[in-house]
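Written below as structure tokens is the structure these notes are about.
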Amino acid sequence: DQQVKQNSPSLSVQEGRISILNCDYTNSMFDYFLWYKKYPAEGPTFLISISSIKDKNEDGRFTVFLNKSAKHLSLHIVPSQPGDSAVYFCAASGTSGGKLIFGQGTELSVKP
Amino acid sequence: DAGVIQSPRHEVTEMGQEVTLRCKPISGHDYLFWYRQTMMRGLELLIYFNNNVPIDDSGMPEDRFSAKMPNASFSTLKIQPSEPRDSAVYFCASSKKNIQYFGAGTRLSVL
């Protein structure tokens, strides 16, 4: 049973517009959520995170929103840039420092 | 810090051979994780260590896979004997708190 789901395998956005990547989870014990970005032939790199006590966290062009009642989080990138083209993974954790449960990833393509 | 270092970056071997993947975590991190990425299964956790002790190896696919962490700065993932279906990218990651930092991965091809 997949506890973290990213239902959109791919997303295409025009440069300068907003990119919205979505993630759903099933386990209410998750208390920390992360987004990673992955370029081809590289390992995933940490992008932004949010604790379950918050509903929003912002870092420059990147904002993560958490809706605990809906068990849903989203990553907003605005404005989108061609260099943002990558695979984005959401991940969830229920224990500090413990394992992360990853979604399947969404491939974002930002067109110039 | 140089980040998580994995070696080799690429490994091509023949079915039945032993394969050893290596990982040096970030200094000071007390958690180490081994993942495998495939098209079919995405990014799956194989095993993780805390303070060099294996905590959860439920993701290890079968007895052909083994992992060790003899000290805080080194871990290995061994496949013996290797099979074509083991072909994948294997990632090592380390963490101190919630954020895991990944190495560049080892792309394994078993012919």
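Remember, predicted model here, so these are calculated numbers, not experimental data. Every chain is numbered from 1 and lettered A, B, ... according to where its sequence line falls, protein lines coming before strand lines.
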- State the CZ-CD1 distance between A/Phe46 and B/Ile99, to the nearest 0.5 angstrom. 3.5 Å

- Item | Contacting region of A/Gln104 [heavy-atom separation from chain B under 4.5 Å] | side chain

- Cluster link B/Phe65 to B/Phe33, ILVMFWY, side chain under 4.5 Å: no

- B/Glu14 atom CD: more than 12 heavy-atom contacts under 6.0 Å: no

- B/Lys97 side, atom NZ; A/Tyr32 side, atom OH - distance, nearest 0.5 Å: 9.5 Å

- Between B/Asp56 and chain A, which part of the residue has a heavy atom less than 4.5 Å away: side chain, backbone, both or neither? side chain

- Taking atom CZ of A/Arg17 as the centre, does the number of heavy atoms from other residues, nucleotides or ligands within less than 6.0 Å exceed 12? no

- Query: Are A/Phe102 and B/Val4 in one and the same hydrophobic cluster, where Ile, Leu, Val, Met, Phe, Trp and Tyr link if side-chain heavy atoms are under 4.5 Å apart?
  - Reply: yes

- Message: Test of understanding: clusters of I, L, V, M, F, W, Y form through side-chain heavy atoms closer than 4.5 Å, transitively. Do B/Ile47 and B/Leu108 belong to the same one?
- Response: yes

- Query: Does A/Phe33 belong to the same Ile/Leu/Val/Met/Phe/Trp/Tyr cluster as A/Ile48, with side-chain heavy atoms less than 4.5 Å apart forming each link?
  - Reply: yes

- Between OH of A/Tyr36 and CZ of B/Phe102, what distance do you get to the nearest 0.5 Å? 5.5 Å

- Task: Answer yes or no: is there a side-chain heavy-atom contact under 4.5 Å between A/Leu100 and B/Tyr35?
- Result: yes

- Query: At a heavy-atom separation under 4.5 Å, does B/Gln6 approach chain A through its side chain, its backbone, both, or neither?
  - Reply: neither

- Query: Between CG of B/Leu43 and NZ of A/Lys38, what distance do you get to the nearest 0.5 Å?
  - Reply: 9.0 Å

- Query: Backbone N or O of A/Ala41 within a donor-acceptor pair of the B/Arg107 side chain at under 3.5 Å?
  - Reply: no

- Message: Would you compute the distance between atom NZ of A/Lys99 and atom OG of B/Ser58 and round it to the nearest 0.5 angstrom?
- Response: 5.0 Å

- Linked, directly or transitively: B/Ile79 and B/Trp34 (ILVMFWY side chains, under 4.5 Å): yes

